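Only one structure is covered here, and it is reproduced in the block below.
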Amino acid sequence: MDPHNTVMRLCAQGMSAESEGREADARDLFLRAWEAAENDYEACVAAHYVARHQPTPQETLRWNQECLTRADRVGDERVRGFYASLHANMGRAHLDLGQPEKAREHFECAAEGLADVPAGQYGEWLRLRIARGLRVTAAAAGPAEEDPAWGLLLRFCERADLESLSLLLPAVMGGLGRPEDEERITTALRMLHAERRLPEPEQTALGHAITLRSAAEDTGGQPIAARRGR
C-alpha cells in the first residue's frame with residue numbers, strides 16, 4: 001500500500017486496529033477510507049475492508065459485490081491478483097445466506113483466480129479457504145464419491161501421526177478437485193505406502209485408496225471429491 005495515499009493509509013490504520021481488537025475503530029477507519037476514495041481502485045480496496053465489518057450477511061454481500069464491481073471497472077493489472085479473494089468472499093457471503101449454488105459459482109471463479117495470486121503464505125491460506133468452500137458446496141454440484149483419503153486422515157489424527165499428516169493433509173485440504181490436485185493426493189498416498197511403516201490396517205487402506213484413484217485416472221473418470229464440510 002502507498003503510505004502517501006489517504007485511502008491506503010486509512011486502511012492500514014484500520015488493519016492495525018483490527019489486530020489490536022479495536023473493532024469499532026477499525027470499522028470507522030474503513031468507512032473513512034471509503035468516503036475518501038476518488039477512483040474505482042481506491043473504492044475497491046476500501047469496500048473490501050468495509051465488508052468485513054457489516055452486521056448482517058446481506059450487508060456483507062452488498063459490500064463484497066461493491067468491491068467486485070469496482071474491480072471490474074478498474075480492469076487492469078492492479079486488480080488481477082484480487083479476484084481469487086473477492087470471489088472467495090462472495091462465496092462465503094452466499095453461504096451465510098443459505099445459497100450454496102451461488103456460493104459454489106464464486107468459489108469456482110476464485111479457484112480460477114488463484115493462478116494470479118503471488119506465491120507465499122497468503123496464497124496458501126487463500127487456497128485452503130477456497131478448497132473448503134468447494135467441499136462445503138459439493139452437494140450443490142451433484143453426488144460425489146467419498147474420498148478414502150479422509151478416512152486415513154482421521155486415523156492419523158486419532159493417533160497423532162504428525163509425520164503422515166504433514167505429507168497428506170496439505171494435499172487433501174488444499175485440493176480443488178482438478179486433475180493436478182488429485183494427482184498430488186495420489187502421490188502423497190503412494191509415498192506413504194512405499195515407506196511400509198504404518199500399521200497393517202492403514203497400509204491396506206492406503207493400497208485401496210491408491211487403487212481407486214489409479215482406476216479413476218486410467219479411465220479418465222471424474223476426480224474423487226470428498227463431500228465433507230470441513
Side-chain angles (χ1 to χ4, degrees), residues 1-137 140 174 176:
M1 290 187 177
D2 179 3
H4 302 294
N5 180 285
T6 300
V7 172
M8 305 306 159
R9 176 172 50 79
L10 288 168
C11 287
Q13 292 173 356
M15 286 188 287
S16 294
E18 277 185 340
S19 66
E20 295 168 3
R22 296 184 287 113
E23 295 295 317
D25 291 341
R27 182 174 59 251
D28 291 343
L29 286 162
F30 294 141
L31 283 172
R32 286 172 57 192
W34 168 258
E35 293 165 356
E38 296 181 349
N39 55 56
D40 287 321
Y41 179 78
E42 292 176 353
C44 173
V45 173
H48 167 74
Y49 291 108
V50 172
R52 300 193 334 200
H53 293 271
Q54 295 307 302
T56 66
Q58 291 85 354
E59 283 299 295
T60 300
L61 177 63
R62 183 175 76 82
W63 279 100
N64 280 319
Q65 182 62 66
E66 181 70 38
C67 182
L68 184 58
T69 298
R70 296 295 185 133
D72 287 341
R73 290 180 186 174
V74 174
D76 60 29
E77 292 298 319
R78 290 175 295 170
V79 298
R80 183 179 295 276
F82 289 3
Y83 280 98
S85 176
L86 300 188
H87 281 290
N89 290 341
M90 289 289 291
R92 173 63 184 273
H94 279 295
L95 270 181
D96 289 343
L97 287 169
Q99 301 167 343
E101 294 85 2
K102 291 182 178 179
R104 186 168 184 84
E105 292 175 8
H106 284 287
F107 285 124
E108 289 175 345
C109 289
E112 292 292 331
L114 273 175
D116 296 316
V117 178
Q121 191 171 19
Y122 171 75
E124 293 170 2
W125 168 76
L126 184 56
R127 182 186 184 90
L128 289 172
R129 284 185 61 205
I130 295 167
R132 181 172 65 244
L134 290 171
R135 289 194 300 274
V136 170
T137 58
L176 303 176

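Excluded from the calculations below are hydrogen atoms, water molecules and symmetry mates; all remaining heavy atoms, backbone and side chain alike, are included. Predicted model, so just to flag it, every value in this text is computed and none were measured.
- Under the 4.5 Å side-chain criterion, counting only non-hydrogen atoms from C-beta, T60 is in contact with N64.
- Between atom SG of residue C67 and atom CZ of residue R62 there is a gap of 13.0 Å, rounded to the nearest 0.5 Å.
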**Report entry** Check against side-chain hydrogen bond (donor to acceptor under 3.5 Å, both in side chains), Q65 and T69
**Finding:** CA-CA 6 Å; Q65 182 62 66; T69 298; 3.3 Å; yes

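- Residue E20 places its CD atom among more than 12 non-hydrogen atoms of other residues, nucleotides or ligands, all under 6.0 Å distant.
- Taken to the nearest 0.5 Å, the CZ atom of R135 stands 12.0 Å off from the CD1 atom of I130.
- Of all non-hydrogen atoms in F107 and A88, the two that sit nearest each other are CE2-O, 3.6 Å.
- Of the possible polar contacts, none joining the S85 side chain to the F82 backbone as a donor-acceptor pair under 3.5 Å is found.
- To the nearest 0.5 Å, the span separating CZ on F30 from CG on D25 amounts to 11.0 Å.
- For the atom pair E105 CD and H87 NE2, the distance stands at 10.5 Å (nearest 0.5 Å).
- For the pair D96 and P57, the tightest heavy-atom approach, listed with the atom from each and the gap, is CB-CB, 4.2 Å.
- The shortest heavy-atom contact between G123 and L114 is O-CD2, 4.3 Å.
- At least one side-chain heavy atom of T6 sits under 4.5 Å from a side-chain heavy atom of L10.
- Among all heavy-atom pairs drawn from A84 and L126, the shortest one is CB-CD2, 3.6 Å.
- For the residue pair A46 and C11, the shortest heavy atom distance occurs at CA-SG, 4.2 Å.
- Annotation for R127: atom CZ counts as buried by contact number, over 12 foreign heavy atoms lying within 6.0 Å.
- Residue L29 is tested with E18, M15, Q13, H53 for a side-chain contact (heavy atoms from CB on, under 4.5 Å); the sole match is Q13.
- In this structure, Y41 contributes its side chain and V79 its backbone to no donor-acceptor pair below 3.5 Å.
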Requested in this report: Walk me through it: do D28 and R32 pass the test salt bridge (Lys or Arg N to Asp or Glu O under 4.0 Å)?
Outcome: CA-CA 6 Å; D28 291 343; R32 286 172 57 192; over 6 Å; no

Requested in this report: Kindly determine whether R27 and E23 satisfy salt bridge (Lys or Arg N to Asp or Glu O under 4.0 Å), including the steps that lead there.
Outcome: CA-CA 6 Å; R27 182 174 59 251; E23 295 295 317; over 6 Å; no

Report task. Determine, stepwise, if the pair N89 / R129 fulfils side-chain hydrogen bond (donor to acceptor under 3.5 Å, both in side chains). Result -> CA-CA 9 Å; N89 290 341; R129 284 185 61 205; 2.9 Å; yes

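- Panel note: side chain Q54, backbone V50; a donor-acceptor pair is recorded below 3.5 Å.
- Atoms CD and CH2, on E42 and W34 in that order, are 11.5 Å from each other to the nearest 0.5 Å.
- In this structure a side-chain-to-backbone donor-acceptor pair under 3.5 Å is present from Y83 to D72.
- In this structure, S16 OG and R22 CZ are separated by 7.5 Å, a value rounded to the nearest 0.5 Å.
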